[in-house]
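Structure record follows, encoded as structure tokens.
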Amino acid sequence: EKGGYDWFMQKEIAEQPQAVADTLLGRVNGQGRLKLDEMRLSEDELRAITKIIVVACGTAYHAGLIAKYAIEHWTRVPVEVELASEFRYRDPILTKDTLVIAISQSGETMDTLMAIRHAREQHSRVLAICNTNGSTIPRESDAVVYTHGGPEIGVASTKAFLTQLTACYLVGLYLAQVRGVKFNDEVEEVLTQLSDSPAAIAETLNRMEPIRKLARSMVGARTVLFLGRHVGYPMALEGALKLKELAYIHAEGFAAGELKHGPIALIEQDLPVVVVVPSPKRPLLHDKIVSNIQEIRARGAKTIVIAEDGDDVVAPYADFLFHVPELPILLQPLVATVPLQVFAAELADALGYDVDQPRNLAKSVTVE
Ligand code: F6R
């Protein structure tokens, strides 16, 4: 049951620190080494991989987009990310040295299932990242890393998303370790930061009140845009998806660098724009997004800015500023996605919609 929460989604958002901790549990040992029990691919097979293709749908696809940044950085293996529904029908290039990573909470998504069947027919290896023990996708895969998120009842994915990210990070670090591409120091350091992330997520959850208020003040919004760079870009896509599916408000996510190539034409007086800002420790990225915020604000946008603790450079251009705890940029989605989830759910509730059961949607999509 809901255990005192108004909706399952609220409960599941609150469970995220635990869900991430459970997904890490037993996989990281004290010496900064990783152990993935369900990795039924030999180290030799993993060393032979020349390309990774992530296939998934919806929110799981957004997790895959973020995984690309992390896995490529840590392993130097090229990663493509593709919507499962597109992949199957375009004659993708697959060999036995391609690792296909299928991400699926339910393990029953038909598009993703069809994609891995196709990959296996082409003799590629398939690794599933899945939340549901014994479901079809992991059964049909060569290896599986389970996310230990526990059951997710709310149709909109929240804790499943954070645990999918966690599993993707683990897989990336494991590959780096096995392939010896990066000196172990980096793997060790990131593992420590990852182990600290549940506390950072819990801290983020403690700060939600202003986001709730903001969301409830925005029931008149017709369109909301989301902008980000680097891993902030998939986060923008995820924030927009949450708002569409829950609040039925038109929302779009853009790479902030694309603004001047088109979307900036949409900016008008009072248009709400949510911007995810990377750490100021990445000055090149940070400076660019600050100028993006200035550009849209100068055209009248109402800027809702999510930035790291201590980042006050953005304050003069933010109509609303929300700080998240510091994490390295690749891990920032673990904290910066949380306000986007809460924002969408609160706005939907304020509009009188059923947060757990949005119209026209099913929890697991078993048709193509
Ligand atoms: C969005 C959402 C969906 C799912 C997608 C894939 O909140 O829940 O976009 O992420 O249908 O589902 P799984 O992960 O079960 O394959």
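Both ligands and their constituent atoms are indexed starting at 1 by order of listing.
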*Contact atoms of ligand 1, heavy-atom distance to Ala156 under 4.0 Å*: 7 (O)
*Within a distance under 4.0 Å of any heavy atom of Gly58, pick out the atoms of ligand 1 and give their elements.*
9 (O)
*Could you tell me the residue and atom name of the protein heavy atom closest to atom 10 (O) of ligand 1, and the distance to it rounded to 0.1 Å?*
Thr59 N, 3.2 Å
_With no hydrogens and no angle check, just 3.5 Å: does a side-chain donor-acceptor pair link Glu152 and Ser157?_
yes
*Enumerate the atoms of ligand 1 whose separation from the nearest heavy atom of Glu245 is less than 4.0 angstrom.*
1 (C), 7 (O)
*Short N/O distance, under 3.5 Å, between Lys363 and ligand 1?*
no
*Report the nearest protein non-hydrogen atom to atom 11 (O) of ligand 1: residue, atom name, distance rounded to 0.1 Å.*
Val365 CG2, 4.2 Å
*asked:* Test your reading of the model: is there a side-chain donor-acceptor pair from Arg207 to the backbone of His323, 3.5 Å cut-off?
replied: yes
*What is the nearest protein non-hydrogen atom to atom 15 (O) of ligand 1, stated with its residue, atom name and distance?*
Ser106 OG, 2.6 Å
*Pair Glu238, Thr59: side-chain N/O donor-acceptor within cut-off below 3.5 Å*: yes
_Treating Gln122 as the side-chain partner and Ala119 as the backbone partner, does any N or O pair qualify as donor plus acceptor under 3.5 Å?_
no
*So which heavy atom in the protein is nearest atom 16 (O) of ligand 1, and how far is it from that ligand atom?*
Thr109 OG1, 2.4 Å
*asked:* Taking 4.0 Å as the limit for heavy-atom contacts, which would you say applies to Val155 with ligand 1: side chain only, backbone only, both, or neither?
replied: backbone
*asked:* At less than 4.0 angstrom from any non-hydrogen atom of Gln105, what atoms of ligand 1 do you find?
replied: 13 (P), 14 (O), 15 (O), 16 (O)
*Would you mind running through ligand 1 and noting each atom that sits below 4.0 Å from a heavy atom of Ala60?*
10 (O), 14 (O)
*To the nearest 0.5 Å, how far apart are CD in Glu12 and CG in Asp356?*
7.0 Å
*Check the side chains of Glu108 and Ser135 for a donor-acceptor pair under 3.5 angstrom, ignoring hydrogens and angles.*
no
*Report, in ascending order of atom number, the atoms of ligand 1 lying under 4.0 Å from any heavy atom of Ser104.*
13 (P), 14 (O), 15 (O), 16 (O)
*When the ring centroid of His62 is compared with that of Phe161, is the distance short of 6.0 Å?*
no
*Asp142 (side chain) donor-acceptor with Arg40 (main chain) under 3.5 angstrom*: no
*Look at atom 6 (C) of ligand 1 and say which protein heavy atom is nearest, naming residue and atom and giving the distance to 0.1 Å.*
Cys57 O, 3.4 Å
_If hydrophobic clusters are built from ILVMFWY residues whose side chains come within less than 4.5 Å, do Leu243 and Tyr248 share one?_
yes
*Heavy-atom contacts under 4.0 Å between Glu108 and ligand 1: side chain, backbone, both, or neither?*
neither
